[in-house]
Protein chains: 2
Amino acid sequence: MSQRNECVTGDVGGGEACSLMEALGRVSGKWSIGVLMETTRGPVRFTELERALSGVSRRMLTLTLRGLERDGLLVRTVYPTVPPRVEYVATEMARELYDHLLGLTEWAERHRADIARARDAYDNAT
Amino acid sequence: MSQRNECVTGDVGGGEACSLMEALGRVSGKWSIGVLMETTRGPVRFTELERALSGVSRRMLTLTLRGLERDGLLVRTVYPTVPPRVEYVATEMARELYDHLLGLTEWAERHRADIARARDAYDNAT
DNA sequence: CTGTATCCAAGGAGATACTG
DNA sequence: CAGTATCTCCTTGGATACAG
């Protein structure tokens, strides 16, 4: 969610680290993933998101939505009724991103036990 | 790099968001990606990393290394010589993670122009 | 309903100095 | 060489109140 893309990570990997951090920057922030998941399934209203992401504040939800919209990952549609109705939906680009992220999910689940064991070992060794 | 894995993102996607944020947590932080890239190519010494990741402070490099080591993504080997010699190398698990991350890199490069355009459009629309 | 504006707390990260 | 210890700044995120 950071607007900053300094990419000061040296020349590691000939700019690969840079692209990578760029991609990760889009889904950084505590709520971006959740918003992406919800809006990938179809148009969702502000209040629906607020309910789905239990614990999110209005402020952070708004900031997250604006960030994703700005990057072209979300389309915001306003229906000028009263009360107002606003819908958010993921773009094709966002769906592609999400597909890649699913690979990470698989990795996380496959290695959850390994990681837990590594942590225990490390912590016990003080 | 955060030790915290509260995963408070509602029940979005039946825990998928949770696994995902877990995986992303391992590579969060400004220097994790760079360290992962360097140590994936083979054993590297502390000072070599310090040079490769230009701009990193000793403190942050140490914290990053400790975090990755704790999660079982890095192995730290100390050779008890004088002066001391310490080498870090990525584990198999880390290499798998890195492979998944390469997918994200490809996405970032393929859509760099789209994102830039989206940003310009958004910013111009105030 | 869908936000914006303010204030505040916690953690990430840099600079610097010191050590086995 | 390979760290640790402080101190401080800045960003992220939560709480709350207000508005079109």
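Just so you know, these numbers use all the heavy atoms, side chains as well, and skip hydrogens, waters and symmetry mates. Chain identifiers are assigned alphabetically (A, B, ...) following the order of the sequence lines, protein sequences preceding nucleic acid strands; residue numbering begins at 1 within each chain.
Contact check on B:Glu96 versus A:Arg110 returns a salt bridge, with a Lys/Arg side-chain nitrogen under 4.0 Å from an Asp/Glu carboxylate oxygen. Taking the charged nitrogens against the carboxylate oxygens, A:Asp120 and A:Arg117 have no contact shorter than 4.0 Å, which rules out a salt bridge.
Closest to the side chain of A:Thr62, from the set C:dG3, D:dT4, D:dG20, is C:dG3. Out of C:dT4, C:dG14, D:dG3, the shortest distance to the side chain of B:Val86 is found at D:dG3. Comparing C:dC1, C:dG14, D:dG3 by their nearest atom to the side chain of B:Trp31 picks out C:dG14. Out of D:dT4, C:dG14, D:dC1, the shortest distance to the side chain of B:Pro83 is found at D:dC1.
Checked by atom type and distance alone, the side chain of B:Arg95 pairs as donor or acceptor with a backbone atom of B:Ala90 at under 3.5 Å.
DNA chain C is contacted by both B:Pro84 and A:Pro84; A:Pro84 maps to the nucleotide lying nearer its 5′ end (nearest heavy atom per residue). Sequence order on DNA chain C of the closest nucleotides to A:Glu50 and B:Val56 puts A:Glu50 first from the 5' end.
Distance A:Leu53 CG to C:dT2 P: 14 Å, rounded to the nearest Å. Whole-Å rounding puts the B:Leu63 CG to D:dG3 P distance at 12 Å. We find that CD1 of B:Ile33 is positioned 17 Å from C1' of C:dA13, with the value rounded to whole Å. Following rounding to the nearest Å, B:Arg45 (CZ) and D:dC1 (P) show an atom-to-atom distance of 7 Å. Here the C1' atom of nucleotide D:dT12 and the CG atom of A:Leu61 are 16 Å apart, to the nearest Å. Across the protein-nucleic acid pair, B:Arg85 atom CZ and D:dG3 atom P stand 13 Å apart, rounded to whole Å. Between the CZ atom of B:Phe46 and the C1' atom of C:dG20 there is a distance of 15 Å, rounded to whole Å.
Looking only at atom types and distance, the side chain of A:Glu87 has no donor-acceptor partner in the side chain of A:Thr77 under 3.5 Å away.
Not a single donor-acceptor contact under 3.5 angstrom links the side-chain atoms of B:Arg59 to the base of D:dA5.
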